[in-house]
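Below, chains carry the letters A, B, ... as their sequence lines are ordered, and counting in each starts from 1.
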There are 2 protein chains.
Amino acid sequence: MAFTARSQESRAAILAAARRRFAADGYERATVRAIAADAGIDPSMVIRYYGSKEGLFAAAVDVDLRLPDPAAVPADRLGEVFVRHFLGLWEGEGPGEVLTVLLRAAVTNEGAAERMRAVFASQVAAALGSSTEDGPTRAALVASQLLGVALCRYILRLPPIVALDVETLVADLAPTVQRYIGAPLA
Amino acid sequence: MAFTARSQESRAAILAAARRRFAADGYERATVRAIAADAGIDPSMVIRYYGSKEGLFAAAVDVDLRLPDPAAVPADRLGEVFVRHFLGLWEGEGPGEVLTVLLRAAVTNEGAAERMRAVFASQVAAALGSSTEDGPTRAALVASQLLGVALCRYILRLPPIVALDVETLVADLAPTVQRYIGAPLA
DNA sequence: GGCGTTTGCCAACAGTTGTTGGCCTACACT
DNA sequence: AGTGTAGGCCAACAACTGTTGGCAAACGCC
């Protein structure tokens, strides 16, 4: 039952193929057989190593946003820093794939949605909303704008948003996020 | 082949059940059999009336945003008006369901994503971006914020966003949309 | 009232899904 | 060198998918 060093290579290949397929096709369309074929291995091994398709999915969406510490940046540049960091995650090969998997799945799968809420609470809200009373609300407004761009740019591929380069996008979105973090709310 | 008055009732029942199922489960999980059962009818009739599952889906996501005419409202209240109108659509029983169907499906189904882009281009961009050069970009930024809230509030059900009442949400989001529509961009 | 069209159901199809058990091979340890 | 254990593949399973064809009944029209 315990994993040995010899099998690590296969496990990693399966996990990489799973992330690629889950990201490209979503949870339901991504089949165990296709993932196994991409990894050059038998479908039954996937089940043997990860228990079930759901277990494989859980292993594939282990995400760490590595958010910067708000105390470490000037207060008036928090918006810019957060937007740039977030877009950097999505543009990156590895983390962007994991985030695509998570968002795609969270939209149609309640378990994945729960995981998304957990990521928000333990990472986003924790980083932005520890101090003030309305912190969680501010963090959620930030999330709504950032997830919205991610949705339009990387999932729906809305042409005008895809056409913008990252720095322009940062410049356009930073004031919004800055206001959600700092300015008084209604 | 042509539809008669007698079958209209069944057609409507199927369409209503389809919207409910597609909204709740997404395109892939919603089965023709389940939709037929909800409508109290045989699965084969669904295919007979709508040709295929995809045809049924296409009929279920025929959406009209009924966006207000920007020329008819004061320029400095455009943001508020658009946010309120958009949230009103989602809160409404009928259109909210159709929008849920469309967004849920567009995230995992390329055909639905294409339909979403078409809705954006023909309705949102047409309403907001007919005048200026960077109109489509501004319209897309608006869409990113509005789709982001919809995602967090109605799909992912992020607690802090769900907790806000509509008017508070309007007050918080209106300045953002107002800036995307009117203020100079980078 | 008789006839053709339409509504609707039943049964079945062909394909795909996640998952399981059995068997052979190759490594690791003594 | 011998043996136990883990890696890996093949074949098969049971369930479920969208879809099709055939047949009974109800309707509309003359």
*Return the nearest nucleotide to the side chain of Ile47(B); candidates are dG8(C), dT19(C), dT19(D).*
dT19(D)

*Take atom CD1 of Ile14(B) and atom C1' of dT7(C), then tell me their distance rounded to the nearest Å.*
11 Å

*For the pair made of CG in Asp42(A) and P in dA11(D), what is the distance, rounded to whole Å?*
10 Å

*Provide, to the nearest angstrom, the distance between the CD1 atom belonging to Ile41(B) and the C1' atom belonging to dC9(C).*
10 Å

_Just the rounded figure in Å: distance from P of dT19(D) to CE of Met45(B)._
15 Å

*Can you tell me the distance, in whole Å, between the CD atom of Glu9(B) and the C1' atom of dT6(C)?*
15 Å

_Rounded interatomic separation in angstrom, taking NZ from Lys53(A) and P from dG18(C)_ = 4 Å

*Do the side chains of Arg84(B) and Glu167(B) get nearer than 4.5 Å, heavy atoms only?*
yes

*DNA chain D: 5'-proximal contact among Pro43(A) and Glu54(B) (nearest heavy atom)*: Pro43(A)

Indicate every side-chain donor-acceptor pair of residues 149-166 of chain B with a distance under 3.5 Å to a residue at least two apart or in another chain.
| unit_1 | atom_1 | unit_2 | atom_2 | d |
| --- | --- | --- | --- | --- |
| Arg153(B) | NE | Glu91(B) | OE2 | 3.2 |
| Arg153(B) | NH1 | Ile161(B) | O | 2.9 |
| Arg153(B) | NH1 | Leu164(B) | O | 2.8 |
| Arg153(B) | NH2 | Glu91(B) | OE2 | 3.2 |
| Arg153(B) | NH2 | Leu164(B) | O | 3.4 |
| Tyr154(B) | OH | Glu91(B) | OE2 | 2.6 |
| Asp165(B) | OD1 | Thr168(B) | OG1 | 2.6 |

*In whole Å, what is the span from the OH atom of Tyr50(A) to the P atom of dT19(C)?*
15 Å

*Set of side chain to side chain contact (heavy atoms under 4.5 Å, CB included) partners for Asp69(A), sequence neighbours left out*: Ala71(A), Ala72(A)

*Return the value, rounded to whole Å, for the distance between atom CZ of Arg48(B) and atom P of dT19(D).*
15 Å

*Is there side-chain contact between Arg138(A) and Ile181(A), with heavy atoms separated by less than 4.5 Å?*
no

*Examine dG8(D): is either OP1 or OP2 under 4.0 Å from a nitrogen or oxygen in the side chain of Ser10(A)? Give yes or no.*
yes

*Run the numbers on Leu87(B) and Leu169(B) for side-chain contact (heavy atoms from CB on, under 4.5 Å), then give the verdict.*
CA-CA 9 Å; Leu87(B) 290 178; Leu169(B) 211 41; 4.0 Å; yes

*Members of residues 16-39 of chain A that approach DNA chain D, where some heavy atom sits under 4.0 Å away*: Arg33(A)

_Is the shortest side-chain heavy-atom distance between Tyr27(B) and Glu28(A) below 4.5 Å?_
no

*Have a look at Ser44(A) and say if it touches a base, only the backbone sugar-phosphate, or nothing, with a 4.0 Å heavy-atom cut-off.*
base

*asked:* In the structure I gave you, are the side-chain heavy atoms of Tyr50(A) and Ile14(A) within less than 4.5 Å of one another anywhere?
replied: yes

